[in-house]
Number of protein chains: 2
Amino acid sequence: MGQRKSGHVTLLDVARACGYSVSTVSIVLSEAPLSQNVAASTRERIRKMAQQLGYHPDAYARSLRRRRSQTIAVLAYDLSDPFCIPIVRGIQAGLQPANYLPLLMDTQTQRRLFDTYLKMILERRAEGVIVIASWIFEETDLLADIEKNHVPIVIVGRDLTGRKISSLFVDNEAGGALALRHLSELGHRKIAVIRGPEELFDSEPRWAGVRRAAEEAGIEIDPRLVFQLPNLTDPTSGFEGGLEFAKQILATLRPFTAVLAFDDLTALGVVRGLTEAGLRVPEDCSVVGFDDVLPAIVATPGITTIHQPLREMGLLAAQWAVQGIDAREIGKRNPARMHKALPELVVRKSTASLVSAKNRRRNKEQA
Amino acid sequence: MGQRKSGHVTLLDVARACGYSVSTVSIVLSEAPLSQNVAASTRERIRKMAQQLGYHPDAYARSLRRRRSQTIAVLAYDLSDPFCIPIVRGIQAGLQPANYLPLLMDTQTQRRLFDTYLKMILERRAEGVIVIASWIFEETDLLADIEKNHVPIVIVGRDLTGRKISSLFVDNEAGGALALRHLSELGHRKIAVIRGPEELFDSEPRWAGVRRAAEEAGIEIDPRLVFQLPNLTDPTSGFEGGLEFAKQILATLRPFTAVLAFDDLTALGVVRGLTEAGLRVPEDCSVVGFDDVLPAIVATPGITTIHQPLREMGLLAAQWAVQGIDAREIGKRNPARMHKALPELVVRKSTASLVSAKNRRRNKEQA
DNA sequence: ACGATTTATTCAAACGTTTGAATGTTGGTG
DNA sequence: CACCAACATTCAAACGTTTGAATAAATCGT
C-alpha cells in the first residue's frame, strides 16, 4: 500500500484510505465551493487522512485540468548583475500575495539561453512574462511568439510601449541631470563624463540629461573629457571600462576635477584607476555613479550615486502582470502601460565640494 | 479553428490540420523510438505543420503522463547575497546538458517562505533538490518530507553527511589557516580576528584553522583582539558588523597591525571603519576577507581574500543531483557523498608586508 | 499463393486532477 | 403520501500527452 508506482500519494490513495470517492476528497481538499455541502465530520476525516498520508496535490494534473499554471516567468538578462536582484525581489513580493510562482530564468546574456528559455516559457504555459531588459532584445522581436498566445508581457528597464508592451524604467534623463547638478553645486566645472555603451538604451537619455543640466548650470562639457564605454559582455566589464578610462585620461594630462560615470561599477573602476595613479577620491577628484548597487554602498569611500527604485519597479511589474492575466481572464483588453520611475541622488563620500577639498595641488601637478 | 479554448495549439490541432492521428503526430514530434517506422514524408509534413501552427508541447500534460517533471528545485537562502550567484551559475551549467529546468527559489532568509517553497517543491514534483545552505536549516529537519518521497537532496555550503545528505562545502579550516599564514608571512603578529556568527556552521572550523596556523607560526592570538559577529539578518549585516568592530577596537587603543575578517563584507566594513578613523589600508593595517565575492574585487583597495570555488561546487552539486535521479530511476541505492572544496588565497591590495608598510607611525600613535 | 515479416498508422487506456450533472438521502410541506 | 427542496456524495468526462497493443497494408521467402 502507501507507496504507489508514481511514488507520490494521490487523491485515490486518500479516497481509498478513508472510504470516500475521489470526487469528495478532491472537493474537500481543494476547498471547492461545493465543499460547503460536505458534512463537517467528513471534511475533518478526509483532511486528517490526507495529512497523515502526506498528500500533496499534483501541480501538473491540477494545472492540466484547470488550465492554469499559476506561473509567471521572470526572464533576467544576468543574475550576476547586482542590478537585477532588487528587481527580482520586488517581483517576488508582488507575486506572493497573488499566489503565482515566479519561474526565475537567468539568460546570462546569452542569446542561445534566451531562446531556450523562451521555448520553456511557452511549454510550461506561463501565464505572464516579466522581462528584465538588456540589449539582447535590441534587434529582435523574440517575444512575438509569446504575444501570439496572448500572454501579458511586462518589461522593466526599457521603454517598449512603442511596441505595445507595458514598460517600467527609470527616468534616465532626470537621473543624468541630477548627477551633473550635484557636481556643479559642489563647484566642479571641469567634469569628465563616461557615456554608456551604445547598445544600452539607458545611455542616450542619461547623456541627454547630463547635457541639459550642464547647460542650465552654465557649464561647458569639454568633448575631450567625454568617453564612451565599449559594449559590455558581463557586469564587471563596466569596472574594466572605468579603470581603462582613468588610465587614458590621466595620460592626456588634461585637467578635470570630477568624473560622472555611467554606472556604479564604472565608477568603482574609475576610483581604482585614480587611486593607482596616486590621486585621492574625493579630495583630488570627485566620482559619481548610477544605480546604487551593493558594491557602491560597501566600498570606501562610499560612492555617491543615483538611486533607482528597483524594488518598487519590480513590485509594480508583478502587479501589472497579474492584472494583465486577470484582464485576459474576463476577456478585457489590457492596454500597455508605462511607468517612468523617479531617480534619487544619494550622497556618499566619493564626491566633495571643490573649494573644501583640502588638496587640489596634486591634481594640478598632473594637469 | 486555429485558436482552441485553452488558447494553445495542441496535438489534436496539428493532427486535424494534416490528416493524421494524434498518436502519429505525438510519435513524430516527441521523436519516440517508434518514429523510425513513420514514413519520412509523413514526418516531414507533420513537422512542417507543427511549426506553422506554432505548436509547443504542453509540459504539464507531458509531465503528467511521463511521470517526470524534468525539474530540479534550487533553494537559495538569499539571492541578494553575492555568495549565492556563482553557485547558482554552476548549477545552471550542470543542469543544462542534462535537460533539467532549475526551479530557482529565494527564501530571503525567511522561515515562512522556506515552508511555502518546500510545499511547492512537493507539489511541482521536483525530481531533485539542491539547497544553498544557511542557518534556516539549523534547528530543523524540514527536508524530511522531501526525503520521504525519495527525492535526492544535495546541500552546498554545509556538511550534512551526518544526516545522509550529499554535501559540498569549502574546507573552512584550511581557508582560515591560509588567511592567517598569509598575514604571518607578511610579518604581522598582532592580528585581530573577527569570528563569524555562532549560528553559521562555517564559523567554528574557520576559527579552528586560524588557531592552528597561528600556533604553527608561533603567533599568539590575543583574546582581547578577537571579536564575534552577531547573528546576521541580511548579507549587508556583515558590513555593519565589520564597521562596528573597527569602532570598538580602535576605542580600546589596543595595538594591532592586521585584521582577519570572517568574510568579505565584514572586511569591507572594517576598511570603512579604519578609514573613517584616519587609518590607511594596507599601510597602517592589513585586512583579509573570505569568499571572494564581487564587492571585494571591485573595491579599492581590492580585498585580499580566500577564494571559494563556488561555481565548481554548484556544477558538481547539479551533477550529483542528476546522478541521484538516474540512480533512483534504475532502482539503485545512491549513498550520500561529500566534497570538501579547496580554498585559495587571492592576494590583492588590502594586505601588505609589515616591514615595507611605509607608515607605521600612525598606528603607533593610535595605540 | 500463402503465411510470416516488415512497415506505417491508429486505438484506447492511462497519468491525477476538477467539475457539471446525476444520484441518493433526508426532512418538511401541501 | 406524493412532491420538493436541501443536503451529501458519486459518476463520468475532460485537460493534452504518451505508449503498449492492435490493425492494416505492403514485401518477402518458399
Side-chain angles (χ1 to χ4, degrees), chain A residues 3-47 49-50 53-70 122-125 127 149, chain B residues 3-46 50 53-70 122-125 127 149:
Chain A
Q3 204 67 24
R4 290 179 51 69
K5 10 177 186 161
S6 80
H8 282 276
V9 182
T10 76
L11 276 183
L12 186 60
D13 293 319
V14 181
R16 276 215 264 262
C18 58
Y20 289 96
S21 75
V22 172
S23 314
T24 309
V25 176
S26 167
I27 287 164
V28 169
L29 294 181
S30 66
E31 299 179 58
L34 276 176
S35 68
Q36 289 175 320
N37 298 348
V38 174
S41 63
T42 309
R43 277 192 297 224
E44 183 67 14
R45 208 127 72 84
I46 290 177
R47 288 228 183 80
M49 186 53 77
L53 293 183
Y55 169 78
H56 290 270
D58 184 315
Y60 288 87
R62 168 175 284 178
S63 291
L64 181 60
R65 170 67 224 223
R66 284 193 176 159
R67 278 118 128 216
R68 310 248 358 211
S69 64
Q70 292 291 342
L122 260 353
E123 293 184 349
R124 300 199 107 92
R125 302 293 190 250
E127 299 185 48
N149 288 301
Chain B
Q3 202 68 22
R4 289 178 55 69
K5 13 179 184 164
S6 78
H8 282 277
V9 182
T10 77
L11 276 183
L12 186 60
D13 293 319
V14 181
R16 276 213 262 262
C18 57
Y20 288 96
S21 74
V22 172
S23 315
T24 309
V25 176
S26 168
I27 286 164
V28 168
L29 293 179
S30 66
E31 299 180 55
L34 275 177
S35 67
Q36 289 174 319
N37 298 348
V38 174
S41 62
T42 308
R43 279 192 294 222
E44 182 66 12
R45 208 127 72 84
I46 292 177
L53 294 182
Y55 170 77
H56 290 270
D58 184 315
Y60 288 87
R62 168 177 283 177
S63 291
L64 180 59
R65 170 66 223 222
R66 286 198 177 153
R67 279 119 128 213
R68 310 260 341 226
S69 64
Q70 292 292 342
L122 258 354
E123 293 185 348
R124 300 200 108 89
R125 302 293 190 251
E127 299 186 47
N149 287 301

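Atom set for the values below is all heavy atoms of this structure, side chains included, hydrogens, waters and symmetry mates excluded. In what follows, chains are A, B, ... by sequence order, proteins preceding strands, each numbered from 1.
Atom P of nucleotide D:dT18 and atom CZ of B:R67 are separated by 14 Å, given to the nearest angstrom. Going from atom CG of B:L64 over to atom C1' of D:dG16 covers 9 Å, rounded to whole Å. As rounded to whole Å, 11 Å separates atom C1' of C:dT17 from atom CZ of B:R125. Here the C1' atom of nucleotide C:dG16 and the CG atom of A:L53 are 16 Å apart, to the nearest Å. Distance CG (B:L12) to P (D:dA14): 12 Å, rounded to an integer number of Å. Between B:R124 atom CZ and C:dG16 atom P there is a gap of 17 Å when expressed in whole angstrom units. D:dT19 atom P lies 13 Å from atom CD of B:E31, rounded to whole Å. Rounded to whole angstrom, the span from the CD atom of A:E123 across to the C1' atom of D:dC15 amounts to 17 Å.
Side-chain atoms of B:E127 come within 3.5 Å of backbone N or O of B:Q70 as a donor-acceptor pair.
To the nearest 0.5 Å, atoms CZ (A:R45) and OG1 (A:T24) are separated by 11.5 Å. To the nearest 0.5 Å, the span separating CZ on A:R62 from OG on A:S26 amounts to 8.0 Å. Atoms CZ and OG, from A:R124 and B:S63 in turn, are 6.0 Å apart once rounded to the nearest 0.5 Å.
A close approach under 4.0 Å does occur between a side-chain nitrogen or oxygen of A:S26 and OP1 or OP2 of C:dT18. Residue A:Y60 places no side-chain N or O under 4.0 Å from the OP1 or OP2 atom of D:dT18. The side chain of B:S21 contributes an N or O atom lying less than 4.0 Å from OP1 or OP2 of C:dT10. The phosphate of C:dC11 has neither OP1 nor OP2 within less than 4.0 Å of any side-chain N or O from B:Y20.
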May I have the list of side-chain donor-acceptor pairs in residues 34-44 of chain A shorter than 3.5 Å, sequence neighbours left out?
residue, atom, partner, partner atom, Å
A:S35, OG, A:A32, O, 2.7
A:T42, OG1, A:Y20, OH, 3.4
A:R43, NH1, A:S35, O, 2.8

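Taking the nucleotide of DNA chain D with the nearest heavy atom to each of A:R65 and B:P57, the more 5' of the two is matched to A:R65. Both B:T24 and B:R66 sit near DNA chain C, but only B:T24 has its closest nucleotide nearer the 5' end.
In this structure the side chain of A:L122 reaches within 4.5 angstrom of the side chain of A:N149, judged on heavy atoms. Looking at B:H56 and A:R125, their side chains come closer than 4.5 Å, going by heavy atoms from C-beta outward. Side chains of B:S30 and B:R66 form a contact here, defined as non-hydrogen atoms less than 4.5 Å apart. Proximity of A:I46 to A:L29: side-chain heavy atoms (C-beta onward) are separated by under 4.5 Å at one or more points. Contact annotation: the side chain of B:L12 approaches that of B:R16 to within less than 4.5 Å [non-hydrogen atoms, C-beta and beyond].
Taking a 4.0 Å limit (strictly below) on heavy-atom distances, residues 32-42 of chain A reaches DNA chain D at A:N37, A:V38, A:A39, A:T42.
Comparing D:dA12, C:dT17, D:dT17 by their closest approach to the side chain of A:R62 singles out C:dT17.
Comparing the local axis fitted to the first five base pairs of the helix from C:dA1-D:dT30 to C:dG30-D:dC1 with the one fitted to its last five gives a bend of 70°, rounded to 10°.
Using a 4.0 Å heavy-atom criterion, one finds that A:S63 contacts no nucleic acid atom at all.
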